[in-house]
Amino acid sequence: MTAISASDSQTSSHSYRKVAIAACFGTFLEWYDFLTFATLAVVFGPLFFPSNDPSAGLLASLATFGVGMVVRPIGAAIFGSIGDRIGRRPVFMITITLMGFATVCVGFLPTYSHIGIWAPILLVGLRLLQGLSAGGEIGGSAVYLTEHAGDSNRGFKTSFLQLMGPLGILVSTLQIALLQHYLTQDEFLSWGWRVPFWVSLILLLVAFKARMALEETPIYLQLSKTEARSKNPLRDNLKDPETRKRMFLLFFCISAGGAVLFFCVQVYTSIFLKTSVKLAPQLVDQLSVYATIALFPLTILSGWLSDRIGRKPVIVSGLILGAAFTLPAFYLLQEIGGKADSASANQSIFIVIILIGLSAILALVVGPQTALLAELFPAKTRNSAATLPHNLAAGWIGGLLPLIVTWLNREWASDVAGLCYPTIFLATSGVVALLYLPETRNNSLQK
């Protein structure tokens, strides 16, 4: 393939900021829509899955959240191949429209008390649409942004995309906390929980307009000019031994490890503190906000660090530390949190310190992740090669984590025993990454 000139491959700082803001805002909306459901999992249980056993209702709600994650690989296979064949940009317009439509519909969905069994059926259907959309967006956006970032400081430049997940949770959590503060419990259960889904309609219009101004990546434009695009990128990826190996490493080490940590730190901690430790929901949301805010600079620092010492040592460190400290951290949360609802503020501070420590571990894995997704694969099949294993890991490993951990806790009659599952997984992926993951920070994206 003809080499791309510096003027074509290196976007100016102003132009890159414009691209990054538009891409990140759209990804923020995807995460906001997708994770608002997780934030409201405790509320959805009695509204859509009424049961005499509260834990059974929670399990059903978490299973519905998991359904959206399970179908993400299907969306990745479909939209990833489209991104390699017709361009990265058109995929963004489709996925954001699909996600916005499904999310707004959730806000108008009748509950079980109004339409019976059709309520959970329709809810699951909308979650399926959200999952398909997220499969095309998450991973594809990493490729898009990295191909615009040029060759220098890619880890730092692209690490900002990883802030969109925590930012989506932060905005969703703050919004729900405000609603719970100003509304009575009956008002919140009656209509207040719908507000975050209604708000997404406004965000959708803003994001759609921003994405209309997005440009195709210079690397894909060069592929189009030289007619080097793959006609069947998914098949080509699976036929090539080196690509298959790297897809497995991406799946098992980077994406699955990052997904396990993300859902342990950003999703399951909130559920754990509310249901197992039984802290007041308002207190949990407040403490989670502090930890999420701390994650922002830690993620950018990790991306910057990966530009200096390499992607591999940063990511492997995060996986090993996650395996070593996740289970002890939850034991400490249980021990300290049992008294935090009524005791001194010092106990709440200790909880925040633990949550920030977990966030620092998460940042080590996700900070370099955006750049690494693109750097692992050749340009002509990069979108499909990156999105499929990434979403397979996030959907099947990370997305089902809260359900599996909750189920194991229930089977073993323990509030923390189920966390042995993510601990073992992180330890295994850390060892595999240490032995086989290649260093990619100096790889050219043009090949």
Side-chain angles (χ1 to χ4, degrees), residues 1-4 9 72-88 90-91 135-149 151 154 158 216-259 310-312 315-316 368-397 428-429 431-447:
M1 184 181 74
T2 305
I4 303 173
S9 62
R72 273 179 58 174
I74 300 175
I78 295 171
F79 293 116
S81 294
I82 293 174
D84 281 328
R85 285 188 282 114
I86 69 171
R88 324 302 195 204
V91 171
E137 169 74 26
I138 301 166
S141 56
V143 171
Y144 179 84
L145 194 59
T146 306
E147 287 187 344
H148 270 292
D151 293 330
R154 281 198 298 250
T158 60
E216 188 55 81
T217 71
I219 290 174
Y220 185 82
L221 290 176
Q222 182 65 22
L223 287 174
S224 301
K225 292 177 182 178
T226 58
E227 298 184 355
R229 292 173 295 179
S230 171
K231 295 181 179 179
N232 196 328
L234 187 57
R235 182 190 63 189
D236 292 345
N237 288 329
L238 296 178
K239 285 174 62 178
D240 182 64
E242 181 62 23
T243 302
R244 284 202 310 269
K245 174 187 173 182
R246 293 192 172 206
M247 288 175 72
F248 172 76
L249 291 171
L250 174 59
F251 165 79
F252 189 73
C253 301
I254 301 101
S255 298
R311 319 283 187 231
K312 181 175 180 175
I315 288 176
V316 170
Q369 190 181 80
T370 299
L372 185 61
L373 282 173
E375 292 168 348
L376 279 171
F377 304 107
K380 67 178 182 178
T381 58
R382 179 175 292 143
N383 207 63
S384 54
T387 55
L388 181 57
H390 183 65
N391 283 280
L392 194 64
W396 290 15
I397 305 299
T428 307
S429 62
V431 172
V432 172
L434 180 63
L435 295 175
Y436 300 107
L437 185 67
E439 180 53 62
T440 63
R441 65 171 166 155
N442 294 321
N443 288 5
S444 171
L445 296 179
Q446 302 171 14
K447 297 180 180 179

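- Between Ala386 and Leu250, the closest heavy-atom pair is O-CD2, 3.6 Å.
- Residues forming a side-chain contact (heavy atoms from CB on, under 4.5 Å) with Leu249 (at least two apart in sequence, or on another chain): Lys245, Cys253, Val432, Tyr436, Leu437, Pro438.
- Nearest heavy-atom pair, Ala385 versus Asn237, reported as atom, atom and distance to 0.1 Å: N-ND2, 3.3 Å.
- By the 4.5 Å heavy-atom criterion applied to side chains, Leu373 and Thr146 are not counted as neighbours.
- Minimum heavy-atom separation, Pro389 to Phe251: O-CD1, 3.6 Å.
- When the side-chain contact (heavy atoms from CB on, under 4.5 Å) test is applied to Ala77, the partners found at least two apart in sequence or on another chain are Leu234, Leu388.
- Note: Thr440 OG1 to Ile254 CD1 = 8.5 Å, rounded to the nearest 0.5 Å.
- Judged by distance alone, the side chain of Arg382 and the main-chain N or O of Phe377 form a donor-acceptor pair under 3.5 Å.
- Listed by chain and residue number, Gln162 satisfy the side-chain hydrogen bond (donor to acceptor under 3.5 Å, both in side chains) test with Thr370 (two or more places apart in sequence, or in another chain).
- Residues that satisfy the side-chain contact (heavy atoms from CB on, under 4.5 Å) test with Arg244, not counting sequence neighbours, are Pro241.
- Taking the side-chain hydrogen bond (donor to acceptor under 3.5 Å, both in side chains) definition, one finds that Glu242 meets it with Arg246, sequence neighbours left out.
- Across Gly257 and Ser429, no two heavy atoms sit closer than the pair CA-OG, 4.5 Å.
- By the ring-ring contact (aromatic ring centres under 6.0 Å, His included) test, Tyr144 pairs with Phe92, His148, sequence neighbours left out.
- For Val316, the side-chain contact (heavy atoms from CB on, under 4.5 Å) partners are Lys312, Ile320, Ala433, Leu434, not counting sequence neighbours.
- In this structure Phe248 satisfies the ring-ring contact (aromatic ring centres under 6.0 Å, His included) test together with Phe252, sequence neighbours excluded.
- Taking each heavy atom of Ser81 and Ser384 in turn, the nearest pair found is N-CB, 4.0 Å.
- In this view, Ser255 and His390 satisfy the side-chain hydrogen bond (donor to acceptor under 3.5 Å, both in side chains) rule, not counting sequence neighbours.
- Every residue was checked against the side-chain hydrogen bond (donor to acceptor under 3.5 Å, both in side chains) condition with Asn383, not counting sequence neighbours, and none meets it.
- Looking only at side-chain heavy atoms (C-beta outward), Arg154 and Leu445 come within less than 4.5 Å of each other.
- Under a 3.5 Å cut-off, the side chain of Asn391 and the backbone N or O of Thr387 do form a donor-acceptor pair.
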